[in-house]
Amino acid sequence: MSFPAPIPSPLSRPFWEAARRGELALQRCRDCGRFRWTPQYLCRHCHSQHYDWVATSGRGAVYSYTVVHRAPLPDFQAPYALAVVELEEGPLMLTNILDCPFEELRIGMRVEVALRPLDAEITLYPFRPSRSEQRPATPDSRRAHPLQPHDPRAPAPD
Amino acid sequence: MTPDRAVAIVGIYATRQERASGRTLLSLTMEAIHGALDDAGLTLADVDGYIAHQFPAGNGTGPTDANIAYQLGGNIGFFADSTGARGVLYAAGAIRQGLANVVILPAAGSSAHGTELAGFARPRYEFTEWTGSMTAAQFALQARRHMHEYGTTREQLAQIAAIIHGNGVKNPAALCFAGAEMTVQDVLAARMIADPFTRPMCSLVNDGASCIVVASAERARDTRHAPVWVIGGSGQTRGNTYFEAPSLHMRAARSGMLAAFERAGVRHDDIDIVMCYDHFAYGPLYQFEVLGFCHFGEGGAYATEVMGLDGKHPVCPDGGNLAYSHFGLPDNFKQIEIVRQFRNDVADLCPDAASGAHTYDRRVCRKVRDPKLAVGCGAMTDGRHSITLLAKD
């Protein structure tokens, strides 16, 4: 079983291309202006089929989180932090939280995207605490790097 | 025939629920179909409707409607890919339309995959799997948000798990039969899966099968047991929880649930058994909210107060997904246990349970006192919410 790399579709391809360029992009409805996530053909609110892909701030706040202690696949090294981030632009996004001790995770914590290339096509979009939230690292800090060993840039776990 | 006495569950069956059975899906399915028809006093020749999730095998065999129809002699006038509450609602709709009279709803799950299963790859959810998310984590995210918004506690989750588990240890058919009762502290101290869910707060994983037979009122007259009437229900879908970011969006299903109660002319206070879908201990508490038994946010306190065997609305007297069985599609059991409780066909540790005599001593007895009205929940996981409302005369 290999790492479950995302497989882009014609609908989602612009998202992955933007991520590769270093942007967290969302669709924005051209008629009612709402941002949305996940990529869809229609706006769920006004049913418009017209949209643009827009680069976003990459910032949000934690809507919910959990620490996974039992990984579903050998590619993932538990424990790691999973979260739903409420982006500044509105939508909810499922992601990981990196560089944050588990005991400091909290709903409402401000976070920012930390784009990480997986391969030539896919750049993943985990988040980390915003600069204003970051604490100095200590030897005892628990760091969650679920992408080990597929993310060669992630520091080794403690 | 009155409108709410048009369709009934007339037959039920469950195979042995166990781990690593070594059985094939097809053999489990056929055993369950035969068992449920025998229970109803009907035969394969009576069957003209088939509802089950389809598992085509790579070599052309496997429990699909077409293969089963072939074995039955090709007499299926209505088929659908569904199970549990929603499947029963499809059956009821087909029967009311005159498309079928006797519908079987088998379900099976087995870890013995071998060559019998199709070679299709598990769908790879583009925006979920790279995060290392999985079922327990998806619902842990919902539970954590519920705790944040409403003050729901870990202790309430643990109490829900302990109550349902306590039912399972009294059920000879349950995976957890004869295990020790668990306290709240036992549940909290157990192995953590995805915070806040410990192992006893999560569904079992095992093999097994079940089958329900649904029939028209006319055919129900000839069956062995008193009919359990399908007097109403609701089937909603709001979005794919496993694909979309987990949230508390299923709160929006409440209006559809309230409408279902109203259509059936049923008051919440009159409901006896509530077969919540206990995929995790979190399930019952938010389902009491969504079903309209209590306000949003009250589910933790409400569920723990009412869900005991002697409570206002007993939940999963069989032990549910948490302690009885979860072979992949436990939805049928949420209907089957209601039928067993209605019939007074409840296996537990009462000395004369087999003859229907129960002591109601909760150390040994899991029979609910004289239930007449029940809610049978379908899987409330991936954004779909279905219920049946079942009644006995």
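Letters go in sequence order (proteins before strands), and every chain restarts at 1. Here the structure is a predicted model, which is why all the values come from computation and not from measurement.
Rounding to the nearest 0.5 angstrom, the gap separating the NE2 atom in A:His69 from the CZ atom in B:Arg199 is 15.0 Å. Distance check, rounded to the nearest 0.5 Å: OG of B:Ser133 to OH of A:Tyr80 gives 7.5 Å. For the atom pair OG1 of B:Thr131 and CD1 of A:Ile97, the computed distance is 11.0 Å after rounding to the nearest 0.5 Å. Atoms CZ and OG1, from B:Arg145 and A:Thr66 in turn, are 14.5 Å apart once rounded to the nearest 0.5 Å.
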Please tabulate, one pair per line, all N/O donor-acceptor pairs under 3.5 Å involving side-chain atoms of residues 19-26 of chain A, not counting sequence neighbours.
residue, atom, partner, partner atom, Å
A:Arg21, NH2, A:Glu23, OE1, 3.3

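Ranking A:Val68, A:Thr38, A:Val84 against chain B, the residue ahead of the rest is A:Thr38, based on heavy-atom pairs under 4.5 Å. Contact count against chain B (heavy-atom pairs under 4.5 Å) is highest for A:Ser12 among A:Ser9, A:Ser12, A:Ala71.
In this structure, chain B has a heavy atom under 4.5 Å from the backbone of A:Ala83, while its side chain stays farther away. Contacts between A:Glu86 and chain B at a heavy-atom distance below 4.5 Å are absent for every atom of the residue.
Below 30°, between 30° and 60°, or above 60°: for A:Trp16 and B:Phe127 the angle between ring planes is below 30°, a parallel geometry.
A donor-acceptor pair is defined here as one N or O able to donate and one able to accept, closer than 3.5 Å; no such pair exists between the side chain of A:Arg70 and the backbone of B:Met192. Between the side chain of A:Tyr63 and the main chain of B:Ser247, no donor-acceptor pair closer than 3.5 Å is present. Side chain of B:Asp195 to backbone of A:Val67: no donor-acceptor contact under 3.5 angstrom is found.
Using a 4.5 Å heavy-atom cutoff, the side chains of A:Leu73 and B:Met134 are not in contact.
Residues passing the side chain to side chain contact (heavy atoms under 4.5 Å, CB included) test with B:Ala252, sequence neighbours excluded: B:Arg238. Under the side chain to side chain contact (heavy atoms under 4.5 Å, CB included) criterion, B:Ala161 pairs with B:Val187, B:Met201, B:Ala281, B:Leu322, not counting sequence neighbours.
Chain A is approached within less than 4.5 Å, heavy atom to heavy atom, by B:Ala137, B:Gln138, B:Ala140, B:Leu141, B:Arg144 from residues 136-144 of chain B, ordered by number.
Between A:Phe3 and B:Trp130, the distance separating the two ring centers is not shorter than 6.0 angstrom.
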